[in-house]
Amino acid sequence: MRAWMKEPQQVKVRSSLDVLTDIPLGSVERVTFYERDEITTDLICCEVVASGQIWTFHEEMPGWDALMAHLAGLASFRQDWFAAVSQTAFQPCEIVAFAR
């Protein structure tokens with residue numbers, strides 16, 4: 001391997017269920033929902049900032065419902081996040097559902 005080339009990094013894909021124990025509610029700093037335009041559909045995504053890390057999830061991941069139930073346990077979590085983020089199809093929309 002040439003000196004300027006870096007070793008490839010392994011990316012570990014985990015389901016939403018796998019990370020719930022890594023994201024205790026007390027460590028969550030911010031939860032943001034947004035839609036990602038996928039040409040013919042929009043994909044709802046969730047970004048969670050906790051313990052200095054950023055976790056990104058989307059609605060088609062296994063464990064999405066469990067993640068949503070977990071995050072709903074945050075005090076002052078916006079329960080209307082889905083209606084707010086899905087108002088305008090194919091338009092950028094970002095909703096902060098929780099911030100410390």
Side-chain angles (χ1 to χ4, degrees):
M1 179 172 285
R2 295 188 177 134
W4 56 269
M5 295 177 72
K6 292 183 178 180
E7 278 291 318
Q9 295 181 1
Q10 285 188 326
V11 175
K12 186 175 181 183
V13 178
R14 298 167 64 188
S15 79
S16 304
L17 285 173
D18 293 340
V19 299
L20 289 182
T21 56
D22 293 341
I23 307 176
L25 294 181
S27 71
V28 175
E29 299 160 31
R30 186 178 188 94
V31 178
T32 306
F33 290 95
Y34 59 94
E35 287 183 327
R36 189 171 74 197
D37 184 2
E38 302 260 304
I39 308 293
T40 59
T41 61
D42 283 339
L43 183 68
I44 295 182
C45 302
C46 176
E47 181 179 280
V48 178
V49 179
S51 302
Q53 294 185 321
I54 299 171
W55 305 83
T56 303
F57 307 96
H58 61 78
E59 64 184 329
E60 293 180 358
M61 292 178 76
W64 173 261
D65 292 335
L67 175 66
M68 294 304 102
H70 180 66
L71 295 175
L74 291 163
S76 73
F77 181 79
R78 276 189 69 173
Q79 300 297 325
D80 68 337
W81 69 266
F82 182 80
V85 82
S86 62
Q87 286 290 322
T88 53
F90 306 109
Q91 297 294 320
C93 184
E94 184 176 288
I95 303 299
V96 175
F98 175 82
R100 240 183 250 286

Going by heavy atoms in the side chains, are [X] and [Y] under 4.5 Å from each other?
{"X": "Phe82", "Y": "Ile95", "result": "no"}
{"X": "Thr56", "Y": "Cys46", "result": "no"}
{"X": "Glu94", "Y": "Thr32", "result": "yes"}
{"X": "Leu71", "Y": "Phe77", "result": "yes"}

Q: Please write out which residues are connected to Val49 in a hydrophobic cluster, directly or through intermediates, given that two of Ile, Leu, Val, Met, Phe, Trp, Tyr count as joined at side-chain heavy-atom separations below 4.5 angstrom.
A: Ile54
Q.
Taking transitive links into account, so neighbours of neighbours count too, which hydrophobic residues share a cluster with Val96 at under 4.5 Å side-chain distance?
A. none
Q: Spell out, yes or no, whether Trp55 and Val85 are grouped together once hydrophobic residues are joined by side-chain heavy atoms under 4.5 Å, including indirect joins.
A: yes
Q. When hydrophobic residues are tied together by side-chain contacts of less than 4.5 Å, even through go-betweens, does Val31 share a cluster with Met68?
A. yes
What is the minimum heavy-atom distance between [X] and [Y], and which atoms define it?
{"X": "Glu35", "Y": "Ser86", "result": "OE2-CA, 3.4 Å"}
{"X": "Leu25", "Y": "Arg100", "result": "O-NH2, 2.8 Å"}
{"X": "Ile44", "Y": "Trp64", "result": "O-CH2, 4.0 Å"}
{"X": "Arg78", "Y": "Ala84", "result": "NH2-CB, 3.6 Å"}
{"X": "Ala99", "Y": "Arg30", "result": "CB-NH1, 4.1 Å"}

Q: Kindly say whether Asp65 contributes a backbone atom to a donor-acceptor pair with the side chain of His70 at under 3.5 angstrom?
A: no
Q) Between Trp81 and Phe33, what is the ring plane arrangement, given parallel below 30°, perpendicular above 60°, and tilted in between? A) parallel
Q | Pair Glu59-Cys45, side-chain contact (heavy atoms from CB on, under 4.5 Å): steps then yes or no | A | CA-CA 6 Å; Glu59 64 184 329; Cys45 302; over 6 Å; no
